[in-house]
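Inspection log for the structure reproduced underneath, given as structure tokens.
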There are 2 protein chains.
Amino acid sequence: MTKDKHLDKAIPKGCPLDRVFRLLSGEWTTHILWVLSQNGPTRHGELRRLVEGISSKVLTDRLRMLEANDVVFRDYEPTVPPKVTYGLTAVGKELDQALRAMQAIAEHWT
Amino acid sequence: MTKDKHLDKAIPKGCPLDRVFRLLSGEWTTHILWVLSQNGPTRHGELRRLVEGISSKVLTDRLRMLEANDVVFRDYEPTVPPKVTYGLTAVGKELDQALRAMQAIAEHWT
DNA sequence: TAAAGTAGGTACCAACCGGTAACCAGGAAA
DNA sequence: TTTCCTGGTTACCGGTTGGTACCTACTTTA
């Protein structure tokens, strides 16, 4: 039963990995990050076009969540019409790297 | 619009990363993998005890999914009562490594 | 004899989640 | 004048998801 001690330390209630996973695991989320990393800072409308099939509502939800967790930044210019640009933060780029590693595994998998 | 060409190649409809994420993103899934990697091959009953709070039904669902995708193996011994042991496959261990990398990022995050 | 442990299966139910459609402001174009 | 564009918000609706409870069939333990 020494194992349990390890586990107690290793998986506290609010496991950080769990946080990240809950953040990323909503539909479209990784797709959005991918596009942002390929495309650089992108406006809402262009994102909606690049992430084919996503609805405005869900796109906004995802971006808000990612922004709240410091994965993307949001740049709002109060022009008319307003211009809002989203891009990866430093953390976002780190995460993107980790996701690419996972994708590499996924690809040589079958 | 040269960007779109890149994206077309980079994100095919069935993006492998998406597959992995849908597989892992159910509740409890990463927790199960974590316990399996800490504990080595483990029986159903012990898993249910180690993954505190999970129901038998969900545990079985997750293990079936992970088995179907070659992330865990299932060893069934038709004794009475039967003895069923689950453990990480080679792919499962690779995935576990990738998850640890993500956790490292999550930890120094804030 | 009754309870508990083995590894699940099944039915039901509430909560959540994503999609659709309508709507907002203000300005530009037809 | 009506439509479209910007970047959203809101109400509603249906499918999926996870949780609870109860069942199997056999053995061991109290």
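A note on names: the letters A, B, ... follow the listed sequences, proteins ahead of strands, and every chain is numbered from 1.
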Could you state the CD-C1' distance from B:E77 to C:dT6, rounded to the nearest angstrom? 13 Å
Cationic N near anionic O, under 4.0 Å, B:K57 to B:D61: no
From the candidates D:dG19, D:dG8, C:dG26, the one with an atom nearest any side-chain atom of B:V58 is D:dG19
Looking only at N and O atoms, is any donor in the side chain of B:S55 or the base of D:dG19 less than 3.5 Å from an acceptor on the other one? no
Of the candidate nucleotides C:dG27, D:dT6, C:dA11, which contains the atom at the shortest distance from the side chain of A:V80? C:dG27
Which of these nucleotides, C:dA7, D:dT9, C:dG19, is closest to any side-chain atom of A:K57? C:dG19
With nearest nucleotide decided by heavy atoms, which residue, B:P82 or A:S56, maps closer to the 5′ end of DNA chain C? B:P82
Distance in angstrom units between B:H44 NE2 and C:dG5 P, rounded: 13 Å
OP1 or OP2 of C:dG8 versus the side-chain N and O atoms of B:R74: is any pair under 4.0 Å? yes
Can you tell me if the side-chain N/O atoms of A:Y76 get under 4.0 Å from OP1 or OP2 in D:dT6? no
Please report the C-alpha distance between B:V84 and B:R43 in whole Å, then the side-chain angles of each, then the deciding distance to 0.1 Å, and finally whether the side-chain contact (heavy atoms from CB on, under 4.5 Å) criterion is met. CA-CA 6 Å; B:V84 183; B:R43 298 180 63 184; over 6 Å; no
So what does B:R62 touch, heavy atoms closer than 4.0 Å: a base, only the sugar-phosphate, or nothing? sugar-phosphate
Quick one, B:S25 with A:R22, criterion side-chain contact (heavy atoms from CB on, under 4.5 Å). Give me CA distance, side-chain angles, the key distance, then yes/no. CA-CA 7 Å; B:S25 68; A:R22 256 173 246 143; over 6 Å; no
For a quick check of understanding: with a heavy-atom distance under 4.0 Å over all strands, which category does A:R43 fall into, base, sugar-phosphate or nothing? sugar-phosphate
Round to a whole Å and report the spacing from CG of A:L47 to P of D:dT6. 13 Å
If the cut-off is 4.0 Å, is B:R48 near the phosphate of C:dG5, judged by side-chain N/O to OP1 or OP2? no
Using a cut-off of strictly less than 4.0 Å, decide whether A:R49 has a side-chain nitrogen or oxygen near OP1 or OP2 of D:dT6. yes
Just how far, in rounded Å, is P of D:dT17 from CD of B:E27? 12 Å
For the residue pair A:F21 and B:F21, does the interplanar ring angle fall in the parallel (under 30°), tilted (30 to 60°) or perpendicular (over 60°) class? parallel
Atom P, compared across D:dT3 and D:dG7: separation rounded to whole Å: 22 Å
Base of D:dG8 paired with side chain of A:T60 (donor-acceptor, under 3.5 Å): no
Side-chain N or O of B:W28 less than 4.0 angstrom from OP1 or OP2 on D:dG19? yes
When hydrophobic residues are tied together by side-chain contacts of less than 4.5 Å, even through go-betweens, does B:I32 share a cluster with B:F73? no
